[in-house]
Amino acid sequence: MHETFMRRALEIAREALDEPGALPYAAVVVKDGHIVGEGLNRANGRFDPTSHGEVEAIRDACARLGTLDLSGCDLYTTAEPCSMCVATMYLSGIQRLYYALAVPESAAFMARLAALDPKWRRRIAAADLRREVSLPMDQRQMPAEAVLKDEVQALFDEFAKRLGA
């Protein structure tokens with residue numbers, strides 16, 4: 001059964017061969033033995049850094065099922081997901097992950113592409129991204145600063161109050 005779902009992810013990934021700006025990172029979301037979401041990495045073609053195969057498959061599954069809760073769903077993907085995709089999986093409740101290539105193999109593939117054309121160059125390597133997002137805000141390479149905290153807190157409080165919380 002696992003091979004069937006991974007073969008579908010591979011079939012979707014093959015679409016990248018003929019679609020400018022797409023990469024062969026594809027995923028499917030499976031619930032109760034049925035595919036409920038599919039996605040392909042179209043980040044460069046859409047000028048959307050969040051358009052990774054896993055995120056697109058999760059978006060598709062949520063839209064099809066009319067929910068943000070994908071508890072009980074599995075995700076099959078052609079390569080080990082990046083930190084953004086893993087976070088999206090956790091936020092949506094994905095139960096289990098199945099993947100083909102690991103991060104080192106994926107990184108080697110991206111390095112080959114980047115050597116041919118700088119548009120494929122990653123801003124940050126997957127391993128570095130994992131490390132950065134695990135650090136407290138004040139220890140990350142990207143400077144961060146809180147602005148208008150009190151005003152935003154007041155809005156959040158008002159919103160919660162209107163919902164009865």
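Values in this document were obtained by computation on a predicted structure and should not be read as measured data. Numbers here are sequence positions counted from 1.
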Q: To the nearest 0.5 Å, tell me how far E145 CD sits from M137 CE.
A: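 One gets 10.5 Å once the value is rounded to the nearest 0.5 Å.
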
Q: Is there a donor-acceptor pair under 3.5 Å between the side chain of D60 and the backbone N or O of E38?
A: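 The answer is yes, because a donor-acceptor pair under 3.5 Å joins these two groups.
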
Q: Rounded to the nearest 0.5 Å, what separates atom NE2 in H2 from atom OG1 in T4?
A: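 That separation rounds to 10.0 Å.
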
Q: Looking only at non-hydrogen atoms, find the nearest pair between A100 and M6 and report the distance.
A: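 For A100 versus M6, the nearest heavy atoms are N-CE, 3.8 Å.
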
Q: Count the heavy atoms belonging to other residues, nucleotides or ligands that lie under 6.0 Å from CZ of R14, then report whether that count exceeds 12.
A: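 No, because the 6.0 Å sphere around CZ of R14 holds 12 heavy atoms or fewer from other groups.
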
Q: Hydrogens and angles aside, do D69 and T67 bring a side-chain donor and acceptor to less than 3.5 Å of each other?
A: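 Result is no, nothing qualifies.
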
Q: Kindly say whether E132 contributes a backbone atom to a donor-acceptor pair with the side chain of R140 at under 3.5 angstrom?
A: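 Checked: pair present.
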
Q: Starting at NE2 of H52, measure out to CD1 of I58 and round the result to the nearest 0.5 Å.
A: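 So the NE2 of H52 and the CD1 of I58 are separated by 12.0 Å.
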
Q: Please state whether the rings of Y98 and Y76 are parallel, tilted or perpendicular, taking 30° and 60° as the class boundaries.
A: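 Correct class here is parallel.
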
Q: Do V103 and Y25 share a hydrophobic cluster, counting only Ile, Leu, Val, Met, Phe, Trp and Tyr and linking them when any side-chain heavy atoms are less than 4.5 Å apart?
A: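 No, no single cluster joins them.
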
Q: Determine whether L65 and M89 fall in the same hydrophobic cluster, where Ile, Leu, Val, Met, Phe, Trp and Tyr are linked whenever their side-chain heavy atoms lie under 4.5 Å apart.
A: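 In one cluster with L65: M89, yes.
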
Q: Applying salt bridge (Lys or Arg N to Asp or Glu O under 4.0 Å), run through E11 and R8 and close with a yes or a no.
A: CA-CA 5 Å; E11 184 179 323; R8 178 60 187 146; 2.7 Å; yes

Q: Rounded to the nearest 0.5 Å, what separates atom CD1 in I124 from atom CZ in R130?
A: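 So the CD1 of I124 and the CZ of R130 are separated by 11.5 Å.
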
Q: Could you measure the distance from the CZ atom of R112 to the CZ atom of F109? Nearest 0.5 Å is fine.
A: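 It is 7.5 Å, given to the nearest 0.5 Å.
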
Q: Does the side-chain contact (heavy atoms from CB on, under 4.5 Å) test come out yes or no for L135 and Q141, once each step is laid out?
A: CA-CA 10 Å; L135 294 172; Q141 290 180 19; over 6 Å; no

Q: Minimum heavy-atom separation for E54 to C85, with atom names?
A: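 Taking every non-hydrogen atom into account, OE1-SG, 3.3 Å.
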
Q: At their closest point, which heavy atom of Y99 faces which heavy atom of A79, and how far apart are they?
A: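 So the minimum-distance heavy-atom pair works out to CB-C, 4.1 Å.
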
Q: Check whether more than 12 heavy atoms from other residues, nucleotides or ligands sit under 6.0 Å from atom CD of E151, and answer yes or no.
A: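 Atom CD in E151 is packed in, count exceeds 12.
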
Q: Ion pair present between R59 and E56, side-chain N to carboxylate O less than 4.0 angstrom?
A: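 Salt bridge present between R59 and E56.
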
Q: Give the minimum heavy-atom separation between T77 and L97, together with the two atoms involved.
A: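 Closest pair (atom of T77, atom of L97, distance): CG2-CD1, 3.8 Å.
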
Q: Under a single-linkage definition using a 4.5 Å side-chain heavy-atom cutoff for Ile, Leu, Val, Met, Phe, Trp and Tyr, are V30 and M1 assigned to the same hydrophobic cluster?
A: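 Yes, it is one cluster - the side chains of V30 and M1 are joined through contacts under 4.5 Å.
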
Q: To check you understand the geometry: which heavy-atom pair defines the closest contact between R64 and V36, and what is its length?
A: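 So the minimum-distance heavy-atom pair works out to CD-O, 3.0 Å.
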
Q: Salt bridge between E158 and K161, side-chain N to carboxylate O under 4.0 Å?
A: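 Here E158 does not pair with K161 in a salt bridge, since their nearest N and O are not under 4.0 Å apart.
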
Q: Nearest heavy-atom pair of L40 and I12: which atoms, and what distance?
A: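 Residues L40 and I12, closest heavy atoms: CD1-O, 3.7 Å.
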
Q: To the nearest 0.5 Å, how far apart are NZ in K31 and CG in L70?
A: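 Taking NZ in K31 and CG in L70, the distance rounds to 7.5 Å.
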
Q: Do side-chain atoms of T78 reach the backbone of P24 as a donor and acceptor pair under 3.5 angstrom?
A: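 Yes: the side chain of T78 pairs with the backbone of P24.
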
